[in-house]
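A short write-up of the structure that comes next.
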Amino acid sequence: MSEIDAISSRSRQEIFARLKKAYHIPGFTPEKLPDPVQYIRMGDDLLEDFCTNAQANMFVLHRCIKENLTAKINAILKEEGAKSLLYPQGLSLDVTKLEVKDKLCYDQPIENIRAEVFDATAGIVCCQCAVASHGAVLVSSGPQQPRLLSLAVPLCIMLLPKERIVKSICEALSQVQVRPDGKLPANIVFISGPSRTSDIELKTVYGVHGPQQVHLMVF
């Protein structure tokens, strides 16, 4: 460790120690705050609430059973004319049955496959969970599923088992798990359909940055 790094480390430790001491209140017990979702009007069926809100967010929603999932994805790939597919490691689908010309597993550093990643026309992303109150999905990134997987392709296909739908954002955040190596995910993001902007003549335009279409498979 260089002298500069050593000085920085000592300074950081001193600052944290002072903050910890300053905010220590003997006998203080934090109270759990209420989940703000209680102020949102919802029905009794999380699946129906989620699907309604997801469609309002401009997801292209597909409800199917697991046995038909591959066939549904193939139909989307064919309809959209996808020529190449990017997918994460550990995908539960049989990739050999996906009907697209070129398939690439995102299992290498971006420096090694940059051209292939940004040339891919479609990608598959696995959702960690979904929020019924907002019609959004939570995607966590890491070695198995790099963050560019949901950003670099024009057509994004997201996989969501319906048992992973929770009521609120607070509940979704509680689903974020520490990885086996003891670290938190490299990145988590709530996605509510394709990106949008109203900067151009105050008209809402979808798919400005990242995927132009987001197909959500709920099974």
Considering only heavy atoms from C-beta outward, does the side chain of [X] approach that of [Y] to under 4.5 Å?
X: V117; Y: I110; result: yes
X: V137; Y: F50; result: yes
X: V153; Y: F118; result: no
X: V100; Y: K78; result: no
X: L151; Y: H209; result: no
X: Q89; Y: Y106; result: no
X: L69; Y: L93; result: yes
X: E80; Y: Q213; result: yes

Report yes or no: do [X] and [Y] belong to one cluster of Ile/Leu/Val/Met/Phe/Trp/Tyr joined by side chain heavy-atom distances under 4.5 Å?
X: L85; Y: M158; value: no
X: L148; Y: I124; value: no
X: L173; Y: V189; value: no
X: V60; Y: I157; value: no
X: L98; Y: F219; value: yes

Closest heavy-atom contact between [X] and [Y]?
X: S140; Y: I188; result: CB-CG2, 3.8 Å
X: P143; Y: P146; result: O-CD, 4.1 Å
X: F59; Y: G193; result: CZ-N, 3.0 Å
X: T70; Y: K97; result: CG2-O, 3.8 Å
X: E171; Y: S174; result: O-OG, 2.5 Å
X: D45; Y: L47; result: OD1-N, 3.0 Å

Rounded to the nearest 0.5 Å, what separates atom [atom1] in [X] from atom [atom2] in [Y]?
X: L160; Y: R63; atom1: CG; atom2: CZ; result: 11.5 Å
X: D35; Y: K167; atom1: CG; atom2: NZ; result: 8.0 Å
X: Q38; Y: C170; atom1: CD; atom2: SG; result: 10.5 Å
X: N187; Y: Q145; atom1: CG; atom2: CD; result: 10.5 Å
X: L216; Y: H62; atom1: CG; atom2: NE2; result: 8.5 Å
X: S141; Y: L149; atom1: OG; atom2: CG; result: 8.5 Å

Q212 vs L155, test: side chain to side chain contact (heavy atoms under 4.5 Å, CB included). Steps then yes/no. CA-CA 6 Å; Q212 297 173 352; L155 170 64; over 6 Å; no
Where the side chain of [X] meets the backbone of [Y], is there a donor-acceptor pair that is under 3.5 Å apart?
X: N57; Y: G135; value: yes
X: N68; Y: A71; value: no
X: N74; Y: E99; value: yes
X: S84; Y: T121; value: yes
X: R147; Y: G142; value: no
X: S9; Y: A6; value: no

Under 3.5 Å side-chain donor-acceptor pair for S168 and S133: no
Donor-acceptor pair between S8 and D5 side chains, under 3.5 angstrom: no
Go through the steps for V176 and L138 under the test side chain to side chain contact (heavy atoms under 4.5 Å, CB included), then give the verdict. CA-CA 9 Å; V176 178; L138 186 153; 4.1 Å; yes
Full working for side chain to side chain contact (heavy atoms under 4.5 Å, CB included) between Y87 and L104: CA-CA 6 Å; Y87 63 92; L104 175 67; 5.6 Å; no
Quick one, N53 with V131, criterion side chain to side chain contact (heavy atoms under 4.5 Å, CB included). Give me CA distance, side-chain angles, the key distance, then yes/no. CA-CA 9 Å; N53 291 330; V131 183; over 6 Å; no
Within a reach of under 6.0 Å around NZ of K72, are more than 12 heavy atoms found that belong to other residues, nucleotides or ligands? no
Are more than 12 heavy atoms from other residues, nucleotides or ligands located less than 6.0 Å from atom CG of L19? yes
Would T52 and D49 satisfy side chain to side chain donor-acceptor pair (under 3.5 Å), going step by step from the backbone distance to the final call? CA-CA 5 Å; T52 298; D49 280 341; 5.7 Å; no
Go through the steps for Q175 and Q128 under the test side chain to side chain donor-acceptor pair (under 3.5 Å), then give the verdict. CA-CA 8 Å; Q175 301 288 324; Q128 183 162 344; 5.9 Å; no
